[in-house]
There are 2 protein chains.
Amino acid sequence: MKTLKIPEATIIRLSVYSRHLTDVDRKGIITTSSGDIAEGVGVSPAQVRKDLAYFGEFGTRGVGYNVKDLRQHILRILGLSVDWSVALVGAGHLGLALSSYKGFRERGFIITSIFDSDPDKIGTKIGDVEILPIDQIEEVTRQNQTQIGIIAVPSSVAQEIADKLIKAGVQAILNFAPVVLNVPPEIELRNVDLAVNLEVLTFNVGAQRF
Amino acid sequence: MKTLKIPEATIIRLSVYSRHLTDVDRKGIITTSSGDIAEGVGVSPAQVRKDLAYFGEFGTRGVGYNVKDLRQHILRILGLSVDWSVALVGAGHLGLALSSYKGFRERGFIITSIFDSDPDKIGTKIGDVEILPIDQIEEVTRQNQTQIGIIAVPSSVAQEIADKLIKAGVQAILNFAPVVLNVPPEIELRNVDLAVNLEVLTFNVGAQRF
DNA sequence: ATAGTTATGTTAATTATATCACTATTAACT
DNA sequence: AGTTAATAGTGATATAATTAACATAACTAT
């Protein structure tokens with residue numbers, strides 16, 4: 001249980017590598033190299049090797065990497081060798097988009113419950129998952145042993161939902177509300193702020209000013 | 001036109017600061033400090049001051065920052081003192097979620113055109129914007145002088161759409177397709193990969209292994 | 001066998017980013 | 001007016017991440 005510090009950027013790249021390797025594998029290619037991967041995803045070969053080196057030796061010198069093997073190794077590293085139960089809170093446009101997003105299920109993220117406060121939505125289904133009222137979050141999430149919560153509700157209620165999810169025992173939260181959430185340190189939290197992404201773009205478009 | 005290199009992390013934080021300042025301003029608070037801001041958004045006071053120092057001096061020593069002033073300065077820095085015309089390509093669940101996302105308009109991002117390939121969708125409206133066919137991207141985007149394109153289409157066609165948007169003269173692209181896009185260096189590109197975000201979480205949940 | 005080639009794994013150097021500690025400035029109060 | 005408290009701005013330091021360089025291992029061909 002050595003706590004070697006691994007950069008988050010490395011984790012993000014590993015995720016991208018694994019997706020790239022899935023594509024390469026589908027083309028029937030058996031062997032690849034740090035150079036190939038680097039070219040495929042737009043980083044340097046040294047970066048690819050360094051990222052992998054945090055976790056072990058997966059290649060053969062002079063030869064390269066076996067595509068299937070390396071892919072499996074990375075998926076294992078990312079914790080994707082098992083399925084994850086996900087609770088989605090908020091069945092608005094964004095919630096609907098997330099629940100129908102193929103990429104989640106492909107990677108082993110199964111949305112096992114959906115919650116909303118709108119009485120008109122409660123009882124209806126998205127796919128084969130029934131929309132439940134907010135006050136059932138704790139009971140249902142605990143019962144399903146759900147580890148991950150996705151917050152897709154308005155900012156005004158996001159903290160309240162986060163508290164409920166944590167009380168229900170989730171270990172990680174993906175938050176789409178543009179607000180700073182307060183969570184205990186043992187809870188993994190990531191924020192996806194859609195407007196921020198556009199703002200980085202507009203800054204860069206005008207960045208010759210600085 | 002000095003090209004002082006500014007960390008992307010700084011830009012992201014500035015965006016968060018400005019949103020925080022909007023909240024603080026709404027509460028009627030006139031003056032704030034690096035310490036207040038730091039506490040409000042979860043970073044260190046030194047970080048706040050360092051981030052601002054890239055762009056000038058906005059505060060008064062011993063006193064702090066005027067909330068409205070600082071907010072305006074940051075918005076100006078981020079390029080948000082003017083509106084931006086945005087073209088949205090893909091009117092699926094995600095496209096619908098993005099087009100109805102309040103946060104965009106609030107920050108000056110106006111979706112001026114929406115495109116999709118589905119004949120059933122073409123001609124219908126989202127809000128007051130009509131969905132147009134893909135082959136009108138170039139003409140309409142150029143006419144509107146649209147600077148930003150959002151790609152919310154399947155991975156298989158994302159590169160093709162990117163090419164069209166670039167040909168139409170957009171300067172920046174926000175890509176939601178989980179694929180590595182190839183764009184010329186003068187085009188600003190950001191990728192939002194929803195699955196990657198969950199994978200960073202699952203890695204961290206199991207990270208005691210390393 | 002052996003030399004040559006290729007590509008990994010790893011150490012070292014460089015670059016980038018964040019933190020810290022100090023200085024300067026302002027306002028308030030006595 | 002002088003003193004104290006508060007807080008921005010900044011240069012120095014520490015930490016982190018990326019890039020480059022290199023030594024090692026495996027394969028190929030003669």
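Proteins come first, then strands; the chains are lettered A, B, ... in the order of their sequence lines, and each starts at number 1.
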Gap between atoms CD and P, on A:Glu57 and D:dA26 respectively (whole Å): 10 Å
5' priority, DNA chain D, between A:Glu8 and A:Arg49 [closest heavy atom]: A:Glu8
Parallel, tilted or perpendicular, as decided by the 30° and 60° cut-offs, for the rings of B:Phe109 and B:Phe104: perpendicular
Gap between atom CD of A:Glu139 and atom CD of A:Gln136 - 0.5 Å precision: 6.0 Å
pair B:Leu198-B:Leu201: side-chain heavy atoms closer than 4.5 Å: yes
Full working for salt bridge (charged side-chain N to carboxylate O under 4.0 Å, His left out) between B:Glu8 and B:Arg190: CA-CA 12 Å; B:Glu8 179 170 299; B:Arg190 271 184 82 79; 2.7 Å; yes
Protein-nucleotide distance (A:Phe55, atom CZ; C:dT8, atom P), rounded to Å: 18 Å
Inter-residue atom distance A:Thr32.OG1 - A:Lys27.NZ, 0.5 Å rounding: 10.0 Å
Shortest non-hydrogen contact from A:Ser99 toward A:Leu96: OG-O, 2.9 Å
Under 3.5 Å: donor-acceptor pair, side chain of A:Thr202, backbone of B:Leu78: yes
Atom pair distance, as rounded to whole Å: NZ in A:Lys5 and P in D:dT18: 11 Å
Spacing between A:Phe58 atom CZ and C:dG9 atom C1', to the nearest angstrom: 12 Å
Value in whole Å for how far the P atom of D:dA17 lies from CG of A:Leu14: 14 Å
Separation of D:dG9 P from B:Asp51 CG (nearest whole Å): 12 Å
A:Tyr65 side chain near C:dT6 phosphate (N/O to OP1/OP2, under 4.0 Å): no
Per-nucleotide protein contact string for nucleotides 25-30 of chain C, where B marks a base within reach and S marks sugar-phosphate only (heavy atoms under 4.0 Å, - for neither): BBS---
Between P of C:dA16 and OH of B:Tyr54, the distance in whole Å: 11 Å
Whole-Å gap separating C1' (C:dT8) and CG (A:Asp69): 15 Å
Donor on one side chain, acceptor on other, A:Thr112 and A:Ser85, under 3.5 Å: yes
Chi angles and distances behind the side-chain hydrogen bond (donor to acceptor under 3.5 Å, both in side chains) call for B:Arg49, B:Ser34: CA-CA 6 Å; B:Arg49 295 198 299 273; B:Ser34 59; 3.1 Å; yes
Polar pair under 3.5 Å, donor/acceptor by atom type, side chain B:Lys50, base C:dT17: no
Residues touching DNA chain C, which here means a heavy atom under 4.0 Å, drawn from residues 39-47 of chain B: B:Ser44, B:Ala46, B:Gln47
DNA chain C contacts among residues 30-37 of chain A, heavy-atom distance under 4.0 Å: A:Ser33, A:Ser34
Pair A:Arg107 + B:Glu199: basic N to acidic O under 4.0 Å: yes
Audit row: A:Asp51, A:Thr10, side-chain hydrogen bond (donor to acceptor under 3.5 Å, both in side chains) steps and yes/no: CA-CA 6 Å; A:Asp51 286 337; A:Thr10 290; 2.9 Å; yes
